[in-house]
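Notes follow the structure.
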Amino acid sequence: MNYSALFLQLLPETVLLLTALGLMGAAIASESRNGKALPNKVAMGVSALGILVAAVLQTRVPDALASTTPLLAADGVTMIFKWVILGLGLLAVLLPPAKREIPNPGEYYAMIQFSLIGLMLAVATNHLLMLFVALELASLTLYLLVGFPRTARTTEASLKYFLFGGVSAAFMLFGLSLIYGFCPSPYLPDVAAKLAESGLSPIGAAGIVMVLVGLGFKLAAAPFHFWAPDVYQGGPATSVGLVVAASKVAGMVVLVRFLVLGFGGTEGWTTGLSVVAAVSMVAGNLLALAQQSVRRLLAYSAVANTGYLLVGVCGNGALSSGTALFYVLVYGLGTFGAFAVTAGVERETGSDSVESFAGLVKRSPMLALALLVCLASLAGIPPLAGFAGKFAMFSAALKEGMSGGSMPLAWLVGLAAVMSAISLYYYISVLKQAFVREPVSGSGCKLPVAHVLTVVVPAVALVVLGLFPGLLMDPIADAVAGLLAMK
Amino acid sequence: MNPAWTLISAFAGALLVLLLPARMAVHSRVVALVAALIGMVTGAVDCLIRLRHPEHAVWSLDCEWIPSMGARFHLEADGLTLVLMLLTGVVAIAGVLFSWNVNQRQRAFFAWFLMIIGGVYGVFMSRDVFLMFVFYEMVILPKFMLISIWGSTNREYGAMKLTMYSIGASALILLGLAAAYAGAGGTSFDLMHLASAEYSTGLQAWAFPVLFLGFTILGGIWPFHTWAPTGHVAAPTAGSMLLAGVVMKLGAFGALMVAMPLFPEGFAMWKGMIAGLAIIGVMYGAFTALQQKDLKFVIGYSSVSHMGMVVLGLAAGTHWGLRGAALQMVSHGVIAGLLFGIAGRVVYARTHTRDLDELEGFDLWRTLPGAAIGFTLATAASMGLPGFSGFVAEISVAIGLWQSFPWLVPLLVLGIIVTGAFSLRALQKGFFAHRKVAKVDAPDLPPLTWPEITAISLLLLVSLSIGIYPKPWVTLIDETLRSPLFHSILSLP
């Protein structure tokens with residue numbers, strides 16, 4: 001094995017690891033030397049710096065790097081999505097925890113580094129074992145991150161997340177073991193080869209179902225979404241920021257690798273998956289209509305969006321899964337931006353209810369404008385990126401699901417389009433408060449610079465990607481096509 | 001002049017208005033007026049150039065946009081597009097003039113206003129359906145904001161209803177377009193490419209109604225018209241003018257340029273059904289307008305009736321029918337703008353009522369003669385009297401209908417007669433009532449202001465010019481109808 005190449009390939013993760021260890025060491029040193037926890041700002045700064053360095057080093061990872069071990073992939077998807085994870089992770093770190101100060105920031109931010117390592121490895125592997133380990137590293141740290149600082153609310157959220165997560169991890173591991181029984185290799189291209197050779201056996205099918213249950217949980221697909229509203233509402237903003245964006249993106253990449261690369265040769269799973277997609281879209285959108293808390297609203301919108309994303313995966317082709325990966329990135333940006341605005345409003349008014357957004361445009365035009373961009377993008381209004389993403393994904397799903405002139409996925413795409421129209425109702429209810437209603441309190445929102453960045457960057461990105469979707473859609477589509485050529 | 005100036009002026013104007021410092025907010029109306037003026041002049045000049053030199057190639061702009069999907073930034077300005085651009089410019093100017101004294105949050109008002117205008121120009125010029133859909137949907141949020149912030153009666157309800165109808169319609173369009181794109185091989189969104197592709201009959205049978213209905217919901221097709229009267233009434237005057245004047249045309253335009261050429265077989269299957277819905281719309285709108293007490297609701301339902309005629313012309317599917325539909329789009333755009341402008345701005349701002357019974361007490365033909373004259377002429381145009389645009393359009397639709405569905409013509413005539421009835425009723429009650437009881441002296445109302453007079457004259461001029469000398473308009477519209485896009489439709493048995 002070429003260890004120097006391996007080291008180069010894992011350099012960004014190594015930096016994150018060193019940052020985490022450094023943070024923990026500093027936290028201990030600070031407590032033992034002057035009895036006080038590491039200052040929040042310092043921990044946040046070091047953490048952000050670590051991610052930034054990792055992101056820069058990620059550019060140094062040579063493009064044409066051949067994979068040094070079957071455990072790690074070095075394809076285009078890996079390159080792009082490691083970047084994406086780092087970017088979304090950086091945004092999450094910059095977002096202050098909002099409700100209350102974290103008492104032990106050293107550990108908290110170290111934990112974030114660990115979860116980012118997990119997410120980065122999860123998008124970078126075609127190996128089932130590695131995939132499981134990476135996802136669990138990310139998940140376990142996320143369960144804990146949601147539980148900071150210890151209050152009844154966060155503990156409830158964290159515990160719920162953990163219990164559901166634990167069960168789903170068990171499902172997933174069992175499913176993976178069944179798949180190993182079907183094809184005695186944990187390497188996805190081998191699975192695809194075996195599938196092409198002998199077709200899907202019942203054991204393999206059972207394995208797919210079990211893994212889908214596990215991944216469905218990570219992606220908050222209905223009916224595995226029950227943790228999402230509590231986590232979104234209860235957790236500190238930073239952790240939730242990580243859950244809403246980076247973890248979702250990683251989950252989708254894993255899903256595409258697993259289903260389309262590993263089991264793209266069979267159509268067996270598309271029916272089941274399309275049912276899950278339909279249930280998620282309907283449940284997410286209808287439940288979101290009833291929400292008064294914007295955090296919970298975003299949670300149900302996350303469920304609904306998972307439904308749309310699964311429509312893309314159901315297309316079972318390079319273009320449909322490529323556009324789905326583009327859409328998950330765009331969705332991540334939009335929902336993160338909306339969440340960051342919510343955190344800003346919460347900081348000022350102490351509440352995330354829809355009413356607390358009243359008159360936001362007068363209190364803080366910038367926050368209101370960013371909210372408009374993010375929510376309109378989520379609702380799929382052009383010229384924002386959410387529109388391009390949805391349209392591309394739905395039409396690609398129709399096209400690649402086509403068999404002999406008929407379009408078996410037309411009902412699903414139709415449902416997705418209608419549901420996406422319904423979603424505008426709840427997004428626009430928030431916008432109505434922000435733009436139409438008069439403010440209750442006259443004071444303006446003053447936010448720290450880091451927080452402003454977390455609001456502005458996604459909004460600007462959504463506008464730019466909306467006007468020029470090709471900037472990212474083309475590379476992602478090419479990368480996914482390259483990935484699927486491995487079969 | 002380069003037709004792209006219409007788009008550029010609208011969007012640049014919107015941006016400029018937003019960037020104005022707060023103390024200059026009042027000047028945002030000047031910026032908006034200049035932007036609208038550039039748009040209209042561009043449209044007018046290009047129409048004239050096109051008429052003088054029909055042999056020149058049509059202006060078009062075609063550049064790469066999203067390669068992985070095959071979407072291109074493809075604009076084109078052929079005859080029909082130029083006519084509709086001119087219409088948009090005229091309505092935009094009139095809208096700015098009628099909003100001259102908006103006094104709250106002016107910058108935001110004119111920014112949203114110009115964004116709608118820009119989106120409308122974009123739809124009319126796009127020849128790539130993805131791009132067209134982008135512009136089409138871009139209009140939705142500004143509409144919501146315009147109505148819910150600056151509107152009147154029941155504004156939040158009206159705005160939400162209109163928005164949900166629009167986005168619901170968009171969902172249908174999205175499905176239809178995606179099906180066409182996938183069915184044509186999934187390589188390009190170009191209108192000509194999609195229209196020349198072969199689709200299976202099964203696909204056409206479901207994709208055509210989905211796409212056509214999606215577009216015509218925005219065109220106010222019965223029974224999905226209910227957003228239109230409430231939305232028009234709730235909207236501020238300029239909003240009603242834009243909505244009825246040009247935004248409803250987007251739906252009809254999409255149905256004509258996209259839904260029908262893409263799926264001609266589907267059209268042949270469904271045209272009887274469409275004609276039925278359209279004729280019901282014509283009559284239903286007219287009869288409902290006859291019952292209304294609020295002047296704006298009268299106009300709102302008359303829009304439903306008039307847009308029904310557009311759809312009727314489309315359903316006829318003959319050259320006369322399509323030409324009549326296009327003419328009616330322009331004609332109704334001008335007339336609805338005029339009616340809403342007078343009722344919503346000129347009258348309401350002075351009397352603070354639109355209730356026909358209450359208006360009787362104002363003796364408007366004495367106290368506000370300018371408005372009474374304007375409204376009388378507008379009513380005449382709306383009733384389809386010869387000499388106004390309405391006549392030319394309605395006669396073309398009727399001829400087209402005669403060729404395809406002769407037995408529907410009597411119903412159309414009945415609808416036109418009822419239109420006359422409700423128009424005269426509104427006119428008589430609103431403006432020419434004899435005061436039964438002299439409760440109070442008719443109050444002194446301030447006379448018409450210059451912006452109002454200019455706007456009214458401009459709109460009337462366009463309606464009259466179509467009515468008196470329709471030839472140039474027809475020439476331009478026919479140029480588009482002769483394009484290969486419509487061969488399959490016009491050659492249907």
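Values below: every heavy atom of this structure, side chains too, minus hydrogens, waters and symmetry copies. Here is the naming used below: chain letters follow the sequence lines, and residue numbers restart at 1 for every chain.
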Handout entry: Choice from A/Ala477, A/Ala421, A/Gly470, A/Gly322 maximising heavy atom contacts with chain B below 4.5 Å
Key = A/Ala421
Handout entry: Whether over 12 other heavy atoms sit under 6.0 Å from B/Glu198 CD
Key = no
Practice task
Identify which one of A/Val418, A/Ile428, A/Ile381, A/Ile422 satisfies the side-chain contact (heavy atoms from CB on, under 4.5 Å) criterion when paired with B/Ile167.
Solution key: A/Ile381
Practice task
Can you check whether anything in residues 382-394 of chain A gets within less than 4.5 Å of chain B, heavy-atom wise, and list it by number?
Solution key: A/Pro382, A/Pro383, A/Phe387, A/Ala388, A/Phe391, A/Ala392, A/Phe394
Exercise for the section: To the nearest 0.5 Å, tell me how far B/Leu141 CG sits from A/Leu424 CG. Expected result: 6.5 Å
Fill in the blank from the handout: Most heavy-atom pairs under 4.5 Å with chain A, out of B/Tyr136, B/Phe130, B/Trp206, B/Phe135, belong to B/Phe130
Completion exercise
Turns out that what part of A/Leu471 lies under 4.5 Å from chain B's heavy atoms comes down to neither
Problem - Min side-chain heavy-atom separation B/Ser68-A/Phe326 under 4.5 Å - result: no
Practice task
Would you check, one step at a time, whether the test side chain to side chain contact (heavy atoms under 4.5 Å, CB included) holds for B/Met145 with A/Lys432?
Solution key: CA-CA 8 Å; B/Met145 295 295 179; A/Lys432 185 168 80 183; over 6 Å; no
Exercise for the section: Can you tell which part of B/Tyr165 gets under 4.5 Å to a heavy atom of chain A, answering side chain, backbone, both or neither? Expected result: neither
Fill in the blank from the handout: Applying a strict 4.5 Å limit to non-hydrogen atoms, the region of B/Ser170 in contact with chain A is neither
Completion exercise
Looking only at heavy atoms, the pair that brings A/Ala417 and B/Ala171 closest together is O-CB, 3.3 Å
Practice task
Over all heavy atoms of both residues, which pair between B/Arg105 and A/Phe435 is shortest? Give the atoms and the distance, please.
Solution key: NH2-O, 2.9 Å
Practice task
Could you tell me the separation between the OH atom of B/Tyr181 and the CG atom of A/Leu398, rounded to the nearest 0.5 Å?
Solution key: 10.5 Å
Exercise for the section: Please name the pair of heavy atoms, one in A/Asp474 and one in B/Pro67, separated by the smallest distance, quoted to 0.1 Å. Expected result: OD2-CD, 3.1 Å
Exercise for the section: For atom CH2 of B/Trp270, decide whether the heavy atoms of other residues, nucleotides or ligands shown that lie under 6.0 angstrom number more than 12. Expected result: no
Handout entry: Separation of B/Phe73 CZ from A/Leu467 CG (nearest 0.5 Å)
Key = 9.5 Å
Fill in the blank from the handout: The interface call for B/Glu64 against chain A, heavy-atom contacts under 4.5 Å, is neither
